[in-house]
S.K.: 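One structure is given below, represented as C-alpha cells, and several questions about it will come after.
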Amino acid sequence: MSQPSSTESEPIDSGDGRDHAGDSAGDSGNGGSGGRVVVVGAGPTGLLLAGDLAEAGIPVTLVERRHAGLSNLSRALVVHATTLEAFDARGIAADLIAKGAPVQSLRLFDTAVVDVSELPTPYPYLLVVPQYETEAVLQARLDRLGVRIRYQTEVVDLRQDADGVTLTVQDADGTREERAAYVVGTDGHNSSIRRLLGVPFPGHTVVASVMLVDAVLTDPPSLRIATNTDGDKFAFVAPFKDGYHRIIAWDQSHPKAESEPVDLAEVREILHATLGTDFGMGEPRWSSRFHSDERQAERYRVGRVFLAGDAAHTHSPAGGQGMNTGLLDVANLSWKLAAVLRGRAGEALLDTYESERYPVGTAVIKGSGRLLRAAQIKVTPARKLRNAAMHFALQRPAVNHRLGLALSGLWIKYWAPIGAHELTGHRAGDVPLAGTPARLFEAMRGGGFVLLAPEDLHKTATEAGVKAAVPTDGGPVRLVRPDGFIAWAADAPSAEEAGLAIGAAGA
C-alpha cells in the first residue's frame with residue numbers, strides 16, 4: 001500500500017453529534033483513535049453494524065462513496081427468518097414486515113414446492129421486500145441513534161499498527177488522514193477495503209447477463225413465488241406488497257453486455273419458455289442487468305480491519321441469501337467489537353468472527369451453487385429427471401423441512417468446546433419468559449447478553465452487568481449472546497459456575 005500524503009489529522013466525526021476527540025479511550029491503548037470504529041459502505045450490512053455499535057455506546061463513523069439520497073441497486077428482495085429474528089431483537093422487525101409480503105411456499109422446478117410454514121421460528125415465511133425498504137428501516141434506526149452517514153467519502157489508503165488504523169480519506173473537502181481503533185469493510189463485492197488489504201478474492205462468474213425487472217402482472221402466478229428453468233433460460237417471480245412483482249431472468253444462450261438495457265421482449269420470452277406465460281407483465285418501474293460471481297475472501301480479518309457482507313463473499317441469487325448472510329455477519333461482529341473496546345474481552349474474541357462466519361459463507365456459496373447448477377441442466381431428459389426427483393423428495397416432510405432450514409439460515413450452529421452442553425453454539429430461539437418482557441427477543445433489545453435462569457442466579461448476572469430473565473420453556477440455564485446464539489448452557493449450575501461462564505463469554 002502506498003504511504004498517504006502528509007496532512008493534518010482531524011478527529012473522526014462519530015456520527016452522533018458529539019466530539020469524541022478527548023475521550024479517555026483515545027489516551028489509553030487506542031493510539032489516539034478514541035475507541036472508534038469506521039464502517040466503510042452504507043448498504044444494509046454497514047447500516048446494521050453502525051446501528052449496533054452506536055447502540056452499544058461505541059463511537060462509530062459510517063462512510064459511503066455514493067451521493068446522499070442515491071440507493072444501491074435494489075437486487076436483494078428476500079429477508080429470511082434468521083434475519084427477521086435479528087431485527088426483532090433490535091425492535092425493528094415489525095417495521096420491515098409492514099413493508100413486505102410474507103410468502104410461506106415457493107415453487108422450484110416445475111411442480112416441486114418448498115413449504116417453510118412449519119419452520120421453528122416466529123417468522124415461518126420468506127418476506128419479499130425491496131432492498132431499499134430494508135435500508136430505510138435500518139436508516140431510521142440510525143437516525144434515532146443520532147448517527148449520520150458521511151456521503152461522498154472514500155477510503156483511498158490505510159495502514160495499521162498495534163494501536164489502530166490510519167485511514168486516508170477523500171471527500172468534498174479534500175484528502176486527509178483519520179484514525180480508528182478498528183475498520184470494517186462492508187463496501188460490496190468491489191470492496192476498496194479488501195483491495196487495500198491485498199486480500200485475494202478467488203472465484204469466478206457463474207451466470208452472466210442477469211436481468212432484474214419490477215413490474216405489475218395482470219395475471220400473477222397462483223403460488224406466490226415461482227421459479228423454473230429449461231437449461232439456458234431461467235425465471236423467478238415474486239410479489240412485493242405494493243402490487244408489483246420482481247422478475248429475475250436470464251438466457252445463457254444469448255448473454256448481453258451489462259451496459260445494454262433490459263429487453264422486455266426477451267424477458268417475456270423467457271417467462272413463456274420456463275413458466276408457460278408472461279403473467280401479463282406490464283412496463284417496469286425499474287430494471288437492471290448484472291452478472292453473478294461465486295467468490296470468497298481468503299480472510300475476513302487482517303489485524304484491526306474486517307470484511308463483511310459482499311466484501312467477504314458473493315454468490316448467485318439462487319436462494320436469496322446474499323444480503324441475509326451479510327447482515328448476520330455483522331450481527332456476529334458488532335457485539336465482539338463492543339466487548340473488546342469496553343475492555344470486557346481480549347483481542348482473541350475478534351478471531352472468532354472469522355472462525356464462525358467463514359464456514360457459513362462457504363456453506364452458503366456451495367448451497368447457492370448447487371441450486372444454480374441444478375437450474376442450468378440443459379439436456380431435456382436430465383431436466384425431467386431433476387424435476388421428478390425434486391417433486392418426489394419435497395413431498396417428504398423431513399426433506400422439505402431440511403431445505404427450508406437451509407434457505408432460511410436456521411441451520412447455523414457455531415463451534416462449541418469439547419464437553420460443552422449440547423445447546424452451546426445453537427440458536428436460542430424466541431424463548432417465552434415469565435413476567436415482562438414476555439419473550440427473549442424483547443429482552444435482548446438494547447444489546448447485551450441475557451441469562452435465562454431461575455431467580456436465584458439473577459444476582460450473579462446483575463453483578464456482572466448482564467440482563468437476566470426466567471424462561472418458561474423448562475429448558476436449562478442459558479447465556480444468550482447479543483446475536484441470539486447460546487454462549488454457554490448448563491442443567492443445574494451454581495452461582496459461581498454461572499459467574500465464571502459470564503466472565504469467560506466477554507459479557
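Along the sequence shown, residues carry numbers from 1.
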S.K.: Think R301 forms a cation-pi with F306, using NZ or CZ under 6.0 Å from the six-ring centre and within 45 degrees of its axis?
M.R.: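 No, R301 does not lie over the aromatic ring of F306.
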
S.K.: Testing the 3.5 Å rule here: is there a donor-acceptor pair between the side chains of Y300 and D329?
M.R.: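 Result is no, nothing qualifies.
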
S.K.: If you measure only the distance, is there a donor-acceptor pair under 3.5 Å linking the side chains of E294 and S316?
M.R.: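 No, because no side-chain N or O of E294 sits under 3.5 Å from a partner of the opposite role on S316.
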
S.K.: How many angstroms lie between atom NE2 of H426 and atom NE2 of H421, to the nearest 0.5 angstrom?
M.R.: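 Rounded to the nearest 0.5 Å, the NE2-NE2 separation comes to 10.0 Å.
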
S.K.: Answer yes or no: are there more than 12 heavy-atom neighbours, outside E347 itself, under 6.0 Å from its atom CD?
M.R.: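 Counting other residues, nucleotides and ligands, CD of E347 exceeds 12 neighbours.
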
S.K.: Dump the intermediate steps for ring-ring contact (aromatic ring centres under 6.0 Å, His included) on F449 and W335, then the final yes or no.
M.R.: CA-CA 9 Å; F449 282 67; W335 71 266; 5.2 Å; yes

S.K.: Measure the NZ-CZ distance between K99 and F240 for me, rounded to the nearest 0.5 Å.
M.R.: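 So the NZ of K99 and the CZ of F240 are separated by 13.5 Å.
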
S.K.: Between D483 and K336 (salt bridge meaning N to carboxylate O under 4.0 Å), is one present in this structure?
M.R.: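 A salt bridge is absent here (no side-chain N lies under 4.0 Å from a carboxylate O).
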
S.K.: State whether a side-chain donor-acceptor pair under 3.5 Å links E85 with T121.
M.R.: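 The criterion, which ignores hydrogens and geometry beyond distance, is satisfied for T121 and E85.
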
S.K.: Do E178 and R36 meet the salt-bridge criterion of a basic N to acidic O distance under 4.0 Å?
M.R.: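 Not counted as a salt bridge, because no side-chain N and carboxylate O are separated by less than 4.0 Å.
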
S.K.: Is a side-chain donor-acceptor pair under 3.5 Å present for S192 with D187?
M.R.: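 Distance-only check passes for D187 and S192.
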
S.K.: Distance from L212 atom CG to L77 atom CG, nearest 0.5 Å?
M.R.: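 The CG atom of L77 is 8.5 Å from CG of L212, to the nearest 0.5 Å.
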
S.K.: Just wondering, do T352 and Y414 contact through their side chains at under 4.5 Å, heavy atoms?
M.R.: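 In short, these two side chains do not touch, never coming nearer than 4.5 Å.
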
S.K.: Is the backbone of P476 close enough, under 3.5 Å, to the side chain of D491 for a donor and an acceptor to pair up by distance?
M.R.: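 Checked: no pair found.
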
S.K.: Hey, what do you get for CZ (R439) to CG (D473), rounding to the nearest 0.5 Å?
M.R.: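 Here the rounded value is 14.5 Å.
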
S.K.: Could you tell me whether R194 sits above the aromatic face of F201, with NZ or CZ closer than 6.0 angstrom to the six-membered ring centre and within 45 degrees of the axis?
M.R.: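 Ring-cation test returns yes.
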
S.K.: Taking atom CD1 of I365 and atom CZ of R370, what is their separation to the nearest 0.5 Å?
M.R.: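 So the CD1 of I365 and the CZ of R370 are separated by 12.0 Å.
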
S.K.: Is the shortest distance from a Lys or Arg side-chain nitrogen in D52 or R90 to a carboxylate oxygen in the other one below 4.0 Å?
M.R.: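 Result for this pair is yes, salt bridge flagged.
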
S.K.: In Å, rounded to the nearest 0.5 Å, how long is the span from CZ of F441 to CG of L84?
M.R.: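 Answer for the CZ-CG pair, F441 versus L84, is 10.0 Å.
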
S.K.: Distance alone, cut at 3.5 Å: any donor-acceptor contact between the side chains of T83 and N324?
M.R.: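 Per modelled atom types, T83 and N324 side chains form a pair under 3.5 Å.
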
S.K.: Between E356 and R481, is there a side-chain N and carboxylate O pair less than 4.0 Å apart?
M.R.: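 Salt bridge between E356 and R481, a charged N being under 4.0 Å from a carboxylate O: yes.
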
